[in-house]
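For reference, the structure is listed below as structure tokens.
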Amino acid sequence: MSGFAAGPGTAKIPSFADYTKERSSDSSRAFTYFMLGASGAVLTTAAQSSVHGFLTNMAASADVLAMATAEVDLSTIPVGKTVTIKWRGKPVFVKHRTQEEIDDAAGVNLKSLPDPQDDASRAKMPEWLVV
């Protein structure tokens, strides 16, 4: 049996009052704020996790970091000698310069150099040259 009557002007609109729950506007607002906060927390956690995973993937691995540092005992290099070490797969030359070599490097005409820079700015300690 239908809840609608037949004919013009006799339509009845069904009432769902028996099936709905009475809500106050405060409880509805509290639920909305709670869901908004919980969704924001979940979204923030997901974003942080994905960014952390991306940055961890982009970071240097342990073998690359191990190659990034090189230590040389300068006390074992005599005056006038050069030591060659490997750093990141490339040679690095450490020279313990004599006073004559320091004076010779300081007396070079800078205009004759392809990359003009005085020796004092290239070698922080004049007796050691690292290239």
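Separation of atoms CG (L36) and OH (Y33) is listed at 9.0 Å; rounding is to 0.5 Å. Rounding to the nearest 0.5 Å gives a distance of 7.0 Å between CG of D119 and CG of L129. Here the OG1 atom belonging to T84 is positioned 4.5 Å from the CZ atom belonging to F93, to the nearest 0.5 angstrom. Between atom CZ of residue R97 and atom CD1 of residue I102 there is a gap of 5.5 Å, rounded to the nearest 0.5 Å. Taking NE2 of H52 as the reference point, atom CG of N57 lies at 11.5 Å (rounded to 0.5 Å).
In terms of hydrophobic clustering, with Ile, Leu, Val, Met, Phe, Trp and Tyr side chains grouped at heavy-atom distances under 4.5 Å, V72 and V130 are assigned to a common cluster. V131 and I77 end up in different hydrophobic clusters when Ile, Leu, Val, Met, Phe, Trp and Tyr side chains are linked at under 4.5 Å. With hydrophobic clusters built from ILVMFWY side chains whose heavy atoms lie under 4.5 angstrom apart, W87 shares a cluster with V83.
S50 approaches A47 most closely through the heavy-atom pair OG-O, 2.9 Å. T76 and D73 get closest at one heavy-atom pair: OG1-O, 2.8 Å. In terms of heavy atoms, A123 sits closest to W128 at CB-O, 3.7 Å.
Heavy-atom neighbours of E100 CD from other residues, nucleotides or ligands within 6.0 Å: at or below the threshold of 12.
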K95/E101 under side chain to side chain contact (heavy atoms under 4.5 Å, CB included): CA gap, chis, key distance, verdict | CA-CA 10 Å; K95 180 159 182 72; E101 292 170 332; 3.2 Å; yes
Report the C-alpha separation of M125 and L74 in whole Å, then their side-chain angles, then the decisive distance to 0.1 Å, and conclude whether the side chain to side chain contact (heavy atoms under 4.5 Å, CB included) test is met.
-> CA-CA 12 Å; M125 298 174 63; L74 297 178; over 6 Å; no
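Proximity of a side-chain donor or acceptor of S49 to a complementary backbone N or O of T45 within less than 3.5 Å is not detected. The main-chain N or O of K81 is never found under 3.5 Å from a side-chain atom of H96 such that the two would form a donor-acceptor pair.
With no hydrogens or angles considered, a side-chain donor-acceptor pair links S121 and D118 at under 3.5 Å.
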